[in-house]
Amino acid sequence: MSLSRKRKKELRKLQKHANDIWESQQVLVGEAADIAREAGRQLGNYGREQVVPQVQEAYGRYAQPYVQRGLASSKSFLTNRAIPATGAVVGSALSAWDAANETRAKLAAGRGLSAPDAKKYAKLADKYGKDVSKKLSKKLSALEPQKQGIGAGGVFAIILGVIAAAGVLYAAWQTLRADDELWVADDPLRAPDA
């Protein structure tokens with residue numbers, strides 16, 4: 001079955017028109033991708049220039065004083081109460097250990113039991129307590145909190161970026177979706193009856 005010249009010409013014209021529409025759609029998709037890239041870049045700039053400073057300022061104004069006060073009171077409790085008490089307990093225990101070792105050594109040497117020298121063991125207890133307190137203080141100062149993670153501002157910027165990307169994708173979808181009016185019908189139109 002061969003087609004007439006007129007039908008071939010119409011088919012070529014229709015094919016050319018379909019190719020032109022396809023090319024224009026490709027250009028439109030390319031422009032939509034460019035817009036999406038630019039929107040992402042602008043959102044990043046906005047986040048860095050507007051959102052992050054405001055979040056940091058709000059954190060500094062509202063939350064940071066309470067956090068700093070809590071850290072200061074915790075550190076004060078540890079350095080002024082917990083470490084000295086721990087040092088005293090450990091120092092006393094080590095002093096008692098030394099007294100027991102000395103008594104055991106006297107018994108082993110055959111010198112018998114005698115009253116322990118209280119001043120000597122009090123000095124040892126103080127020395128051990130100070131040593132333990134110094135070591136604990138050094139370990140505590142090494143445990144200063146370090147900043148970790150991206151923080152609230154970073155999370156907020158990521159959420160805004162996702163929302164903006166979704167908006168751009170929705171706009172592109174609305175632009176490129178199939179409308180019945182834009183496409184050629186599957187069955188050819190009949191000529192009107194004359």
What is the distance from atom CD1 of I35 to atom CG of L28, rounded to the nearest 0.5 Å?
8.5 Å
side-chain hydrogen bond (donor to acceptor under 3.5 Å, both in side chains) filter on E57, not counting sequence neighbours, yields R61
List in chain and number order the residues that pass salt bridge (Lys or Arg N to Asp or Glu O under 4.0 Å) with R37, two or more places apart in sequence or in another chain; answer none if no residue qualifies.
D34
Just to verify, what does Y62 make a side-chain hydrogen bond (donor to acceptor under 3.5 Å, both in side chains) with, not counting sequence neighbours?
none
Pairs meeting criterion salt bridge (Lys or Arg N to Asp or Glu O under 4.0 Å) with involvement of residues 39-55, two or more places apart
E38-R41
Contacts of Q50 that satisfy side-chain hydrogen bond (donor to acceptor under 3.5 Å, both in side chains) - sequence neighbours left out
none
May I ask you to list the residues sharing a hydrophobic cluster with F156, side-chain cutoff 4.5 Å, ordered by chain and number?
L43, Y46, V51, V55, L160
Under 3.5 Å, sequence neighbours excluded: what are the donor-acceptor pairs made by side chains of residues 65-74?
{"residue": "S73", "atom": "OG", "partner": "R69", "partner atom": "O", "Å": "3.2"}
{"residue": "S73", "atom": "OG", "partner": "G70", "partner atom": "O", "Å": "3.0"}
{"residue": "S74", "atom": "OG", "partner": "G70", "partner atom": "O", "Å": "2.9"}

Got a sec, which residues hit side-chain contact (heavy atoms from CB on, under 4.5 Å) with V52, two or more places apart in sequence or on another chain?
Q56
Locate the shortest heavy-atom distance separating P53 from G47; write the atom from each residue and the value.
CD-O, 4.3 Å
Could you list all the salt bridge (Lys or Arg N to Asp or Glu O under 4.0 Å) pairs where at least one residue sits in residues 152-162, not counting sequence neighbours?
none
Residues which pass side-chain hydrogen bond (donor to acceptor under 3.5 Å, both in side chains) with N19, listed by chain and number, not counting sequence neighbours
none
Can you list, pair by pair, the side-chain donor-acceptor contacts under 3.5 Å of residues 3-14, counting residues two or more places apart and other chains?
{"residue": "S4", "atom": "OG", "partner": "R7", "partner atom": "N", "Å": "3.3"}
{"residue": "R7", "atom": "NH1", "partner": "E10", "partner atom": "OE1", "Å": "2.8"}

Only counting residues at least two apart or in another chain, list the ones meeting side-chain contact (heavy atoms from CB on, under 4.5 Å) with L169.
none
